[in-house]
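Below, each value reflects all heavy atoms present in this structure, side chains not excepted, and no hydrogens, waters or symmetry copies. Reminder, nothing fancy here: chain letters follow the sequence lines and each chain counts from 1. As the structure is a prediction and not an experimental result, all values here were calculated from the model.
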Amino acid sequence: MLGKILVRKFSTKTIKYKITETEAYCGEEDLACHASKGKTSRTKVMYKTGGVIYVYLVYGMHWMLNIVAANKDQPEAVLIRGLEKSDGPGKVGKELKIDKSFYGEDLTKSRRLWVEEPVVKEKFKIKKAKRIGVDYAGKWSNKPWRFILSKP
DNA sequence: TCACGGATTCGT
DNA sequence: CGAATCCGTGAT
């Protein structure tokens, strides 16, 4: 996902931003992953085949944009933490005007949100780091599953 | 129906 | 570093 272009189409304009920071959430075992609570009405979309959107509200105010990443019945998702113009996942949701209506939307069919290959492919390095805000997840909080786009 | 708490942000 | 913020979730 890193380095790809996220496209958001509105009725009046279309915006495109490069994805600069992501985090991975991997399966029911991963205590930081919402799917660790099992398949519920909230997490069920993560059990779908990759390519659909998982959105949810945190702290009663921020919409988090995630892309389901793995195979059917394998609940894994990638959180879009940062775009070239927005640092922080809450700001990403705000910038792209993400809300509950995107829940389960198929990125390959959507006419308002999808991912493209960058026009000009630039070389970059991927920095790894611990995930943010998941200290409650015990050893899982130390997994280097946060990925940051950086200069080569 | 309701109590609980969080994949954050912003200000100090 | 700490408080704000408050809806949705998951269980009852």
Worksheet entry | Donor-acceptor pair, side chain of Thr20(A) and main chain of Leu149(A), under 3.5 angstrom | no
Worksheet item: Taking 5' to 3' order, which nucleotide of DNA chain B is first and which is last to have an atom within less than 4.0 Å of a heavy atom in chain A?
Response: dG6(B) to dC10(B)
Discussion item. Distance check needed: dG8(C) P versus Tyr54(A) OH, whole Å only.
Written reply: 14 Å
Worksheet entry | Side-chain (Tyr103(A)) to main-chain (Arg42(A)) donor-acceptor, under 3.5 angstrom | yes
Discussion item. For Leu107(A), is there any backbone N or O sitting under 3.5 Å from a side-chain donor or acceptor partner on Ser110(A)?
Written reply: no
Fill in: Check: Gly38(A) main-chain N/O paired with Thr43(A) side-chain donor or acceptor under 3.5 Å
yes
Practice prompt. Find the partner of dC2(B): check Watson-Crick (N1-N3 plus N6-O4 or O6-N4) and G-U wobble (N1-O2, O6-N3) distances, both under 3.5 Å, and reply none if neither fits.
Written response: dG10(C)
Response to the item:
Checking N1-N3 plus N6-O4 or O6-N4 for Watson-Crick, or N1-O2 and O6-N3 for wobble, each under 3.5 Å, the partner of dA7(B) is none
Fill in: Gap separating the CD1 atom of Ile5(A) from the CD atom of Glu117(A), nearest 0.5 angstrom
9.0 Å
Discussion item. Mind checking if Leu79(A) touches a base, just sugar-phosphate, or nothing, with heavy atoms under 4.0 Å?
Written reply: base
Worksheet item: So which one's nearest nucleotide on DNA chain C is more toward 5', Lys100(A) or Gly60(A)?
Response: Gly60(A)
Worksheet item: Expressed in angstrom and rounded to an integer, what is the separation of Tyr59(A) atom OH from dC6(C) atom P?
Response: 15 Å
Discussion item. Between dG11(B) and dC7(C), how many Å separate the two C1' atoms, rounded to a whole number?
Written reply: 23 Å
Practice prompt. Identify, residue by residue, the members of residues 30-52 of chain A with a heavy atom below 4.0 Å from DNA chain C, and return them in order of residue number, or none.
Written response: Thr40(A), Ser41(A), Arg42(A)
Discussion item. If I take atom CZ from residue Arg131(A) and atom CZ from residue Arg81(A), how far apart are they, to the nearest 0.5 angstrom?
Written reply: 11.0 Å
Discussion item. Does atom CD (Glu29(A)) have a neighbourhood of more than 12 heavy atoms from anything else shown, all under 6.0 Å?
Written reply: no
Worksheet item: Distance from Lys130(A) atom NZ to Lys143(A) atom NZ, nearest 0.5 Å?
Response: 12.5 Å
Fill in: Residue whose nearest DNA chain B nucleotide is more 5′ - Asn66(A) or Lys94(A)
Asn66(A)
Discussion item. For Lys127(A), is the NZ atom crowded, meaning more than 12 foreign heavy atoms sit under 6.0 Å from it?
Written reply: no
Response to the item:
Taken to the nearest whole Å, CH2/Trp63(A) to C1'/dT9(C) is 12 Å
